[in-house]
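Residues: numbered from 1 along the sequence shown. Just so you know, these numbers use all the heavy atoms, side chains as well, and skip hydrogens, waters and symmetry mates.
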Amino acid sequence: MCFSSWRGAWHGGWCWDKIVPSLRDTGHRVLTVDLPGHGTDTDTTAASKVTLQDYTDHLCRVLDNESEPVILVGHSMGGLVITQTAEYRPDKIQLLVYVCAFLPENGQTLLQILEKDNTASPLPIIKSEDNTYLKLNEPFVKDAFFEECSENDVFEAKQKLCFQPLLPFVTPVRITEDHIGRIPRTYIETLKDNAISTRCQRAMYTRTPCKYMITMDADHSPFLSQPEVLSSHLNDLAEHMEVC
């Protein structure tokens with residue numbers, strides 16, 4: 001089974017470094033993909049120029065290189081990206097996995113979902129002067145994203161955080177039941193999440209029901225705070241899909 005994993009805003013594929021070995025040890029192939037403008041030093045894409053379409057075009061190219069359907073995992077903002085990509089490539093995806101991620105309805109933007117989540121702590125966001133990208137207010141990052149992570153993991157993660165393009169936050173997804181509706185979904189909710197409240201997560205997967213539901217007593221970054229538990233859940237999902 002092949003996993004393709006996308007992390008959310010301000011982050012890159014490095015977030016999955018603690019998850020990848022466990023999945024590979026059980027025989028799976030894992031692709032951790034950086035969004036345009038995120039992650040690698042060789043990616044010189046300006047954050048002010050990146051769109052949701054840039055994200056999905058990039059992921060579509062990754063999927064097009066795969067000979068068989070994959071399990072597509074999205075965390076946080078990555079849920080928006082995998083949702084829109086699934087509309088374009090439904091035959092390339094065996095299962096969508098939302099890890100405390102945005103699960104939008106047709107026509108919704110990420111910002112609209114955030115604005116309704118009045119039970120979460122305010123995200124430590126600072127807009128750029130030209131209103132094209134978002135920065136993070138560093139002193140509040142740990143409480144928002146990494147509350148239960150080790151101090152070393154928090155330190156290393158902070159060094160890798162990047163600017164977040166604003167356009168993907170305000171672009172509505174366009175999806176249809178004929179395409180994305182054919183793909184089974186799993187939602188992994190997190191009970192100690194200060195970025196997307198558990199109440200907001202449950203509202204999303206209630207409006208857009210998922211075939212499988214998993215609960216983790218974790219913060220917004222279970223790939224760092226509880227990598228063994230998250231790896232086990234992903235392995236179980238892969239085994240179930242292989243049996244089906």
Participant: Hey, is the main chain of Gly13 close enough, under 3.5 Å, to the side chain of Asp34 for a donor-acceptor pair?
Facilitator: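 Yes; judged by distance alone, with no hydrogens or angles, the pair exists.
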Participant: Between atom OH of Tyr98 and atom OG1 of Thr83, what is the distance when rounded to the nearest 0.5 Å?
Facilitator: 2.5 Å
Participant: Indicate yes or no: at least one non-hydrogen side-chain atom of Asp219 is less than 4.5 angstrom from one of Asn194.
Facilitator: no
Participant: First locate atom CZ of Phe169, then atom CD1 of Ile113, and finally report the distance between them rounded to the nearest 0.5 Å.
Facilitator: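 Nearest 0.5 Å value for the CZ-CD1 distance: 11.0 Å.
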Participant: What I want to find out is whether Arg174 reaches Glu87 closely enough, with some N-O distance under 4.0 Å, to be called a salt bridge.
Facilitator: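 Salt bridge flag = no for Glu87 with Arg174.
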Participant: Looking at Arg207 and Pro209, what are the two nearest heavy atoms and their distance?
Facilitator: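 Smallest heavy-atom distance, with atoms named: O-CD, 3.4 Å.
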Participant: Between CG of Asn137 and CD1 of Ile126, what distance do you get to the nearest 0.5 Å?
Facilitator: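 If I round to the nearest 0.5 Å, the distance is 4.0 Å.
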Participant: What pair of heavy atoms forms the shortest contact from Leu237 to Val97, and how long is it?
Facilitator: CD1-CG2, 4.1 Å
Participant: If every non-hydrogen atom of Pro165 is compared with every non-hydrogen atom of Val50, which pair is closest and at what distance?
Facilitator: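 So the minimum-distance heavy-atom pair works out to CG-CB, 3.5 Å.
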Participant: Testing Ser225, Pro222, Pro227 one by one against Lys18 for a side-chain contact (heavy atoms from CB on, under 4.5 Å), which residue passes?
Facilitator: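 Single side-chain contact (heavy atoms from CB on, under 4.5 Å) partner of Lys18 among Ser225, Pro222, Pro227: Pro227.
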Participant: Write down the atom of Leu167, the atom of Thr171, and the distance for their closest heavy-atom approach.
Facilitator: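 Leu167 and Thr171 have their closest heavy atoms at O-OG1, 2.7 Å.
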Participant: Could you check whether any side-chain heavy atom of Leu80 comes within less than 4.5 Å of a side-chain heavy atom of Tyr55, counting everything from C-beta outward?
Facilitator: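 No, side chains not in contact.
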Participant: Give a yes or no on this: more than 12 heavy atoms of other residues, nucleotides or ligands lie within 6.0 Å of atom NZ of Lys158.
Facilitator: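 Atom NZ in Lys158 is packed in, count exceeds 12.
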Participant: Does Glu66 offer a backbone N or O that forms a donor-acceptor pair with the side chain of Lys92 under 3.5 Å?
Facilitator: yes
Participant: For Glu147, is there an ion pair with Lys192 - N to carboxylate O distance below 4.0 angstrom?
Facilitator: no
Participant: Once you round to the nearest 0.5 Å, how far does CG of Asp17 lie from CG of Leu224?
Facilitator: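 Answer rounded to 0.5 Å: 9.0 Å.
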Participant: Please say yes or no: joined through hydrophobic side-chain contacts below 4.5 Å, possibly via intermediate residues, are Val99 and Met213 part of one cluster?
Facilitator: yes
Participant: Could you state the interatomic distance from CG (Leu52) to CG (Asp57), rounded to the nearest 0.5 Å?
Facilitator: 9.5 Å
Participant: Between the side chain of Trp10 and the main-chain N/O of Leu134, is any donor-acceptor distance below 3.5 Å?
Facilitator: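 Answer holds: yes.
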Participant: Taking the side chain as everything from C-beta on, heavy atoms only, tell me whether Thr109 gets closer than 4.5 Å to Pro172.
Facilitator: yes
Participant: Rounded to the nearest 0.5 Å, what's the gap from CG on Asp236 to OG1 on Thr26? Could you check?
Facilitator: 9.5 Å
Participant: Quick one: are His233 and Thr186 in side-chain contact, heavy atoms under 4.5 Å?
Facilitator: no
Participant: Regarding Arg89 and Asp64, does a basic nitrogen lie under 4.0 Å from an acidic carboxylate oxygen?
Facilitator: yes
Participant: Between His75 and Phe145 (judged by ring centroids, cut-off 6.0 Å), do the two rings come close enough to count as a pair?
Facilitator: no
Participant: Does one hydrophobic cluster hold both Phe140 and Leu136, with members joined at side-chain heavy-atom distances below 4.5 Å?
Facilitator: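 Unlinked, Phe140 and Leu136 end up in two clusters.
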Participant: Okay, side chain of Thr56, backbone of Gln53: is any donor-acceptor separation there less than 3.5 Å?
Facilitator: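 Yes: the side chain of Thr56 pairs with the backbone of Gln53.
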Participant: Within the structure provided, determine whether Cys100 and Gln201 are in side-chain contact (heavy-atom separation under 4.5 Å).
Facilitator: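 The answer is yes; the side chains approach within 4.5 Å.
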Participant: As a quick check of understanding, evaluate side chain to side chain donor-acceptor pair (under 3.5 Å) for Thr208 and Tyr187, giving each step before the final call.
Facilitator: CA-CA 10 Å; Thr208 306; Tyr187 200 98; over 6 Å; no
Participant: Applying the ring-ring contact (aromatic ring centres under 6.0 Å, His included) test to His11, which of Phe223, Phe163, Phe146 qualifies?
Facilitator: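 Answer to the ring-ring contact (aromatic ring centres under 6.0 Å, His included) test with His11 among Phe223, Phe163, Phe146: Phe146.
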Participant: Would Asp130 and Ser128 count as a side chain to side chain donor-acceptor pair (under 3.5 Å) if you check the C-alpha gap in whole Å, the side-chain angles of each, and the deciding distance to 0.1 Å?
Facilitator: CA-CA 5 Å; Asp130 61 358; Ser128 64; 2.6 Å; yes
Participant: Any donor-acceptor pair under 3.5 Å linking the side chain of Thr215 with the backbone of Ile188?
Facilitator: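 No, the answer is negative, given that no donor and acceptor are paired below the 3.5 Å cut-off.
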Participant: Kindly check if the number of other-residue, nucleotide or ligand heavy atoms within 6.0 Å of CD (Gln159) is above 12?
Facilitator: yes
Participant: Can you get from Ile71 to Tyr88 by hopping between Ile, Leu, Val, Met, Phe, Trp and Tyr side chains that sit under 4.5 Å apart?
Facilitator: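 No, because Ile71 and Tyr88 fall into different hydrophobic clusters, even though each may have its own neighbours under 4.5 Å.
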Participant: Testing the basics here: between Asp217 and Gln226, what is the closest heavy-atom pair and its distance to 0.1 Å?
Facilitator: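 Looking at all heavy atoms of both residues, the closest pair is O-NE2, 2.8 Å.
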Participant: Please lay out, stage by stage, how Thr51 and Asp54 fare under the test side chain to side chain donor-acceptor pair (under 3.5 Å).
Facilitator: CA-CA 5 Å; Thr51 66; Asp54 291 328; 3.2 Å; yes
Participant: State, to 0.1 Å, how close Ile175 and Pro104 come at their nearest heavy-atom pair, and which atoms those are.
Facilitator: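 Closest approach of Ile175 to Pro104, heavy atoms only: CD1-O, 3.9 Å.
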Participant: Check the pair Arg202 / Glu189 against salt bridge (Lys or Arg N to Asp or Glu O under 4.0 Å), numbers first and verdict last.
Facilitator: CA-CA 8 Å; Arg202 290 176 176 173; Glu189 66 176 4; 2.9 Å; yes
